Amino acid sequence: MAYVLTLGNQKGGCSKTSSTINLAYGLANKGKKVLVIDMDSQGSASLNLGIDIGEPETNTVDKLLDKLIINPNLKLDWNEVKNYIYEPTFADRKRDPNNKMKWMDVVTPFGYSILPASLNLSIVELKMGLAGGATRQGIRTDYLEKIIKCITENTDFEYILIDTPPSLGALSMNAMAAAKDGIIVISNLDMMSVR
């Protein structure tokens with residue numbers, strides 16, 4: 001069973017994304033199987049890991065959330081959800097071990113996975129608010145939990161780290177509700193971040 005942790009703060013620019021991807025990298029280097037879920041419509045974690053979130057063909061978390069908003073009773077199909085999880089890599093150059101005078105281009109995995117976000121996540125957040133308002137029940141906070149449940153039932157991830165937007169809106173509320181093992185509040189030492 002995976003540990004599910006959310007990293008957040010209402011303040012922007014206080015290293016939520018940097019902390020999330022660096023914690024994921026550190027855990028992966030200790031041999032842990034890690035998934036990062038980018039719940040920030042800016043998609044900074046996704047972009048930092050080389051995911052082209054502007055490409056319409058990229059499967060992003062907002063597309064899964066949108067399906068659940070339309071049909072809250074939808075049972076997610078793992079055969080579809082697995083296509084949303086990416087294994088990011090970075091390009092590097094190393095000396096050819098057979099010829100020290102030549103360099104080789106190599107592609108190296110970061111060592112962990114990501115469920116990326118796109119700018120459309122901000123539209124999905126509005127839909128979350130509208131869906132809750134129409135039923136007068138408030139914003140539902142179980143959408144992300146359903147996605148995580150599908151993932152944990154079908155994978156062996158040991159850690160799921162959720163990066164959040166700089167707000168306390170529907171996306172952050174879903175991320176906090178899904179964080180069954182804790183919320184890590186990220187803060188700089190400046191007054192606005194601490195508040």
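Below, each value reflects all heavy atoms present in this structure, side chains not excepted, and no hydrogens, waters or symmetry copies. The structure presented is a predicted model; accordingly, all values stated were derived computationally and were not measured. Start at 1 with the first residue, then count along the sequence.
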Exercise for review: Answer with yes or no whether the hydrophobic clustering places Leu119 together with Met39; edges join I, L, V, M, F, W, Y residues whose side-chain heavy atoms lie under 4.5 Å apart.
Suggested key: no
* Side chain of Thr152, backbone of Lys149: donor and acceptor closer than 3.5 Å? -> yes
For this session: Step through the shown structure and confirm whether more than 12 heavy atoms of other residues, nucleotides or ligands are within 6.0 Å of OH on Tyr84.
Result: yes
Ionic contact status for Asp66 with Lys127, cut-off 4.0 Å: yes
Item to check | In one Ile/Leu/Val/Met/Phe/Trp/Tyr side-chain cluster, 4.5 Å: Ile123, Leu64 | outcome: no
| query | With no hydrogens and no angle check, is any side-chain donor or acceptor of Asp181 less than 3.5 Å from a backbone partner on Val4? | reply | yes
So, is the end of the Lys32 side chain (NZ or CZ) under 6.0 Å from the ring centre of Tyr159 and within 45° of the ring's axis? no
With Asp62 as partner, the option from Ser122, Ser118, Ser41 fulfilling side-chain hydrogen bond (donor to acceptor under 3.5 Å, both in side chains) is Ser118
- Message: Treating Lys146 as the side-chain partner and Pro72 as the backbone partner, does any N or O pair qualify as donor plus acceptor under 3.5 Å?
- Response: yes
A quick test of your reading: do over 12 heavy atoms of other residues, nucleotides or ligands sit less than 6.0 Å from OH of Tyr86?
yes
Check your understanding: Going through the distances and angles, do Leu161 and Ile37 end up as a side-chain contact (heavy atoms from CB on, under 4.5 Å)?
Key -> CA-CA 6 Å; Leu161 307 177; Ile37 298 178; over 6 Å; no
Measuring only between side-chain heavy atoms, which start at C-beta, is Thr89 closer than 4.5 Å to Thr108? no
Check your understanding: Is there a donor-acceptor contact under 3.5 Å linking the side chains of Thr58 and Asp52?
Key -> no
Open item on the list: Whether the side chain of Arg93 engages the backbone of Asp105 through a donor-acceptor N/O pair (distance < 3.5 Å, no angle test) should be reported.
Closed with: no
When rounded to the nearest 0.5 Å, the distance separating CD1 of Ile114 from CD1 of Ile85 is 11.0 Å
Original post:
Looking only at side chains, do Thr141 and Asn174 share a donor and an acceptor under 3.5 Å apart?
Top reply: no
Rounded to the nearest 0.5 Å, the CD1 atom of Ile148 sits from the CG atom of Asp142 at a distance of 11.5 Å
